[in-house]
Peer 1: 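Supplied in structure tokens, the structure appears directly below.
Atoms within each ligand, like the ligands themselves, are counted from 1 in listed order. Nothing fancy with the numbering, it's 1 onward along the sequence. Treat the numbers as computed from the prediction; the structure is a model and nothing was measured.
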Amino acid sequence: MHEKLRDVYDEVLQRNPGESEFHQAVHEVLDSLGPVVDKHPEYTDSAVIRRLCEPERQIIFRVPWVDDAGEVQINRGFRVEFNSALGPFKGGLRFHPSVYLGIVKFLGYEQIFKNALTGLPIGGGKGGSDFDPKGRSEGEVMRFCQSFMTELYRHIGEYTDVPAGDIGVGEREVGYLFGQYKRITNRYESGVLTGKGISWGGSLVRTEATGYGTVFFVEKMLEHRDDSFDGKRVVVSGSGNVAIYAIEKVHELGGVVVACSDSSGFVTDQEGIDLDLLKEVKEVQRGRIEEYAEQRGSAEFSDNGSVWEVACDIAIPAATQNEIDEDLAVRLVKNGCTIVAEGANMPATPEAVQVFADAEVAYAPGKAANAGGVATSALEMQQNASRDSWDFGSTEERLSRIMSGIHDRCLETADAYGAPGSYSTGANIAGFIKVSDAMLALGVI
Ligand code: GLU
């Protein structure tokens, strides 16, 4: 790492003890910025990089609620408003027992660069809670969301901070959050949250956008190598919103998804994942992936080993952070995988990324490959601002163009800064320059 950046990184370590995921996300970006600092001393002179590593505002709050048994439960809520140089803070809410400040900060930090890469006017932020929705009733989820919003409402707004979903937060939760916001503020402020239902201000394609966008990105990677999805074997980890719509688009484009997973294990299905069945099990019944295998003759369930041991040409990790470590990356490469595109945020460890680089695997980081979700959220905000709603086809077309633009910007920037072919260097530098130039223009704030 460049000496000036090493100082910034050391300061981040010292100021944010114990937040390993945040350290990892910062390290990955700073590690790419050496050539930028050499070319443009103004970024270090004006402390733009140091300012970028310190959130503008961090909110931590108590979320008390009463469960079905009448017991009082206490969770912790977070919203990290990281950077608003390009637009209102924008990023999802994650409800998962692993959530703590370090996770929210890593996600918020990544979101700054991802959102900048989309070219749309959105800053970066993230939030969530250590609430575990698993096994909770509808009523419990609703009461939790209402309590969460009872504090969060004072910090957000269509021009201030616009949350959306992430792991554990989908249309149902956004509905309860929006309902409570509307009730407290007495305003039908559609643009305060994205990921809404279609009948109450949502955008077509938003549900599909992260998964579809990642696959559009891979399509561009393939095109760049004069190749296509035709007959390609793909492994997608996870079976949530990102994974499901990634699988759908891979199948539409002629590839075959041969495995997917959830936190209890994985299924292999050499005939290709039956999407209707997967949606029924995961979205309607909110069941486990094992139930998919029980109902599908060609599928096998395993809770031993990893989905990344299944041979594939293309890997789309769409579960969670650090799901591919060095050993699994080696296994993927040995099994013939040549493209990795991240549908999740930071699913590959730094050691895994190094394995991909050494093996010349084309590797697209989440901040580029999964930007379609937040980009379509920005399209939802545009529709809300103009009280309009667009049809599916033209919205999907816009998403596809945005992903294609991000793909090209990554490669052009990587070329310009001496790292040809490196999507991660290109994504980090292009996102950084966009947000830093805005910060320089806005003065020391
Ligand atoms: N949570 C998603 C992400 O990681 C979407 C955020 C949004 O739509 O604001 O980008």
Peer 1: Heavy-atom contacts with K126 under 4.0 Å: which atoms of ligand 1 show up? List them by number with element.
Peer 2: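 Here the atoms of ligand 1 in question are 1 (N), 2 (C), 3 (C), 4 (O).
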
Peer 1: Using ring centroids (six-membered ring only for Trp), state whether W65 and F131 fall under 6.0 Å.
Peer 2: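 Between F131 and W65, the centre distance is under 6.0 Å.
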
Peer 1: Does ligand 1 have an atom under 4.0 Å from some heavy atom of G165?
Peer 2: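 Contact present.
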
Peer 1: Does the side chain of T150 come under 3.5 Å of the side chain of Q180 through a donor N or O and an acceptor N or O?
Peer 2: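 Yes.
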
Peer 1: I'd like to check which ligand 1 atoms, numbered from 1 as shown, lie under 4.0 Å from a non-hydrogen atom of A164.
Peer 2: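 In order of numbering, the contacting atoms are 7 (C), 8 (O), 9 (O).
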
Peer 1: Can you see whether K196 engages N384 through a side-chain donor-acceptor pair at a distance of less than 3.5 angstrom?
Peer 2: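 A pair is found: one side chain offers a donor N or O, the other an acceptor, under 3.5 Å apart.
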
Peer 1: Which ligand 1 atoms are under 4.0 Å away from a heavy-atom of Q111?
Peer 2: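 Atoms satisfying the 4.0 Å criterion: 3 (C), 4 (O), 6 (C), 10 (O).
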
Peer 1: For atom 9 (O) of ligand 1, what's the nearest protein heavy atom and its distance?
Peer 2: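 Ranking protein heavy atoms by distance from atom 9 (O) of ligand 1, first comes K90 NZ, 2.7 Å.
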
Peer 1: Any atom of ligand 1 sitting under 4.0 Å from a heavy atom of R206?
Peer 2: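 True for this residue.
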
Peer 1: Taking 4.0 Å as the limit for heavy-atom contacts, which would you say applies to T210 with ligand 1: side chain only, backbone only, both, or neither?
Peer 2: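 It is neither part, as no heavy atom is under 4.0 Å.
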
Peer 1: Here's one to test your reading of the geometry: is the NZ or CZ of K249 within 45 degrees of the ring axis of Y212 and under 6.0 Å from its centre?
Peer 2: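 Satisfied, under 6.0 Å and within 45°.
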
Peer 1: Applying a strict 4.0 Å limit to heavy atoms, is K114 in contact with ligand 1?
Peer 2: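 Per 4.0 Å heavy-atom rule, K114 contacts ligand 1.
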
Peer 1: Can you pull out the closest protein heavy atom to atom 6 (C) of ligand 1? Residue, atom name and distance to 0.1 Å, please.
Peer 2: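 Answer, as residue, atom name and distance: G92 N, 3.5 Å.
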
Peer 1: Any side-chain donor paired with an acceptor under 3.5 Å for Y292 and D269?
Peer 2: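 Y292 vs D269: donor-acceptor pair found between side chains.
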
Peer 1: With a 6.0 Å cut-off on ring centres, are F82 and F89 close enough?
Peer 2: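 No, the ring of F82 stays outside the 6.0 Å limit from the ring of F89, centre to centre.
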
Peer 1: To which protein heavy atom is atom 8 (O) of ligand 1 closest, and what is the distance rounded to 0.1 Å?
Peer 2: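 Result: S377 OG, 2.6 Å.
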
Peer 1: Looking at the rings of Y100 and F78, which for Trp means the six-membered one, are their centres under 6.0 Å apart?
Peer 2: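 No, ring centres 6.0 Å or more apart.
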
